[in-house]
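So the structure is just underneath, and the comments pick up after that.
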Amino acid sequence: LLFLPNPFVITMDDFSATLKAIKSGVMETYMSNMYRQMIADPVAIHATKVFFQELIEANGAPVLWHCTSGKDRTGTEAMFLMTILGCDPEVIFQEYLNTNYFMAEKAQANYDKAYKYTHIKWIAEEFKTYELVKESWYQLEQNVLARYGGTVAYLHNVVGLSDQDFQTLRDIYLEPVAAENPVNLILPAAA
């Protein structure tokens, strides 16, 4: 669904190309550029529009979306959806950082493979970092969104989602809280 062209063409399956990018010092540039492109590139904007059209058309049926690692492009779409659903921005940010917990095993495997291949710790560390997320990448993305007036304005004015689209997504993915039957969360006192 989401295809982003990138001048630093590196596929995760191409270990040699990734190694070359790390050795030449462009890996951080590659990731930063990708985070900018996920917001500003016309292909990414169109892909985001299609993503939300598909969510609306699915009308609550399961939808699978993914990318190579399932953290950057996929995470951006999740951030957009969580924003539409009214999630607190700090919660969204913390969920983004939770990626590092859930990707730790894969990141370590990348480190081990790179170290076995190169015997150079700093290169292995770069491979490990590539599987994780960084606060600076998230902040860069937020800064790009701020140029458009923030996430909601971006989704409305750039992606082209309407207020009705927002409401439809909320109707699909949120459940009303029953005010008449509140759940009693008071725990009994310890004996």
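Everything numeric in this text was worked out from a predicted model, so none of it was measured. Residues: numbered from 1 along the sequence shown.
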**Study point:** Atom pair CG/OH of Asn110 and Tyr130 - distance to nearest 0.5 Å
**Key:** 9.5 Å
Practice item. Verify whether one side chain among Thr129 and Glu125 offers a donor that lies under 3.5 Å from an acceptor in the other. Key: no
Exercise for review: Quick one: list whatever passes side-chain contact (heavy atoms from CB on, under 4.5 Å) with Ser136, sequence neighbours left out.
Suggested key: Glu28, Lys134
Check your understanding: Would you say the side chains of Gln94 and Asn98 form a donor-acceptor pair under 3.5 Å?
Key -> no
Practice item. Treating Ile, Leu, Val, Met, Phe, Trp and Tyr as nodes and any side-chain heavy-atom pair under 4.5 angstrom as an edge, say whether Met103 and Tyr35 lie in one connected cluster. Key: no
**Study point:** Atom pair OG1/CZ of Thr76 and Phe51 - distance to nearest 0.5 Å
**Key:** 10.5 Å
Review point. Transitively linked via ILVMFWY side-chain contacts under 4.5 Å: Phe127 with Leu132?
Key: no
Check your understanding: What is the minimum heavy-atom distance between Ala153 and Tyr148, and which atoms define it?
Key -> CB-O, 3.4 Å
Check your understanding: Are the side chains of Met79 and Leu145 in touch, meaning some heavy atoms are under 4.5 Å apart?
Key -> yes
Check your understanding: How long is the gap from CD on Gln167 to CD1 on Ile84, to the nearest 0.5 Å?
Key -> 11.5 Å
Revision key, fill the gap. Sorted by chain and residue number, the side chain to side chain donor-acceptor pair (under 3.5 Å) partners of Lys71 (sequence neighbours excluded) come out as none
Revision key, fill the gap. Taken to the nearest 0.5 Å, the spacing of Glu131 CD from Glu105 CD works out to 12.0 Å
Practice item. Please identify each residue that fulfils side chain to side chain donor-acceptor pair (under 3.5 Å) with Asn100, with sequence neighbours left out. Key: none
Study note, to complete from the structure: Applied to residues 141-165, the salt bridge (Lys or Arg N to Asp or Glu O under 4.0 Å) test, sequence neighbours excluded, yields none
Check your understanding: side chain to side chain contact (heavy atoms under 4.5 Å, CB included) with Phe166: which of Leu155, Leu85, Thr83?
Key -> Leu155
Practice item. Just do the side-chain contact (heavy atoms from CB on, under 4.5 Å) check on Ile172 and Leu55 with the steps written out, would you? Key: CA-CA 9 Å; Ile172 292 170; Leu55 286 181; over 6 Å; no
Check your understanding: Can you tell me how far OH of Tyr117 sits from CD1 of Ile123, rounded to the nearest 0.5 angstrom?
Key -> 10.0 Å
Review point. For Gly160 and Lys49, which heavy atoms make the closest approach, and how far apart are they?
Key: O-NZ, 3.7 Å
Review point. If you look only at pairs with a residue in residues 87-101, which of them pass as a salt bridge (Lys or Arg N to Asp or Glu O under 4.0 Å), with sequence neighbours excluded?
Key: none
Review point. Does Leu169 reach the side chain of Phe52, with side-chain heavy atoms less than 4.5 Å apart?
Key: yes
**Study point:** Heavy-atom closest pair, residues Ser162 and His156
**Key:** C-CE1, 3.7 Å
Exercise for review: Starting from Phe102, walk the hydrophobic network (Ile, Leu, Val, Met, Phe, Trp, Tyr; side-chain heavy atoms closer than 4.5 Å) and list everyone else you reach, by chain and number.
Suggested key: Tyr101
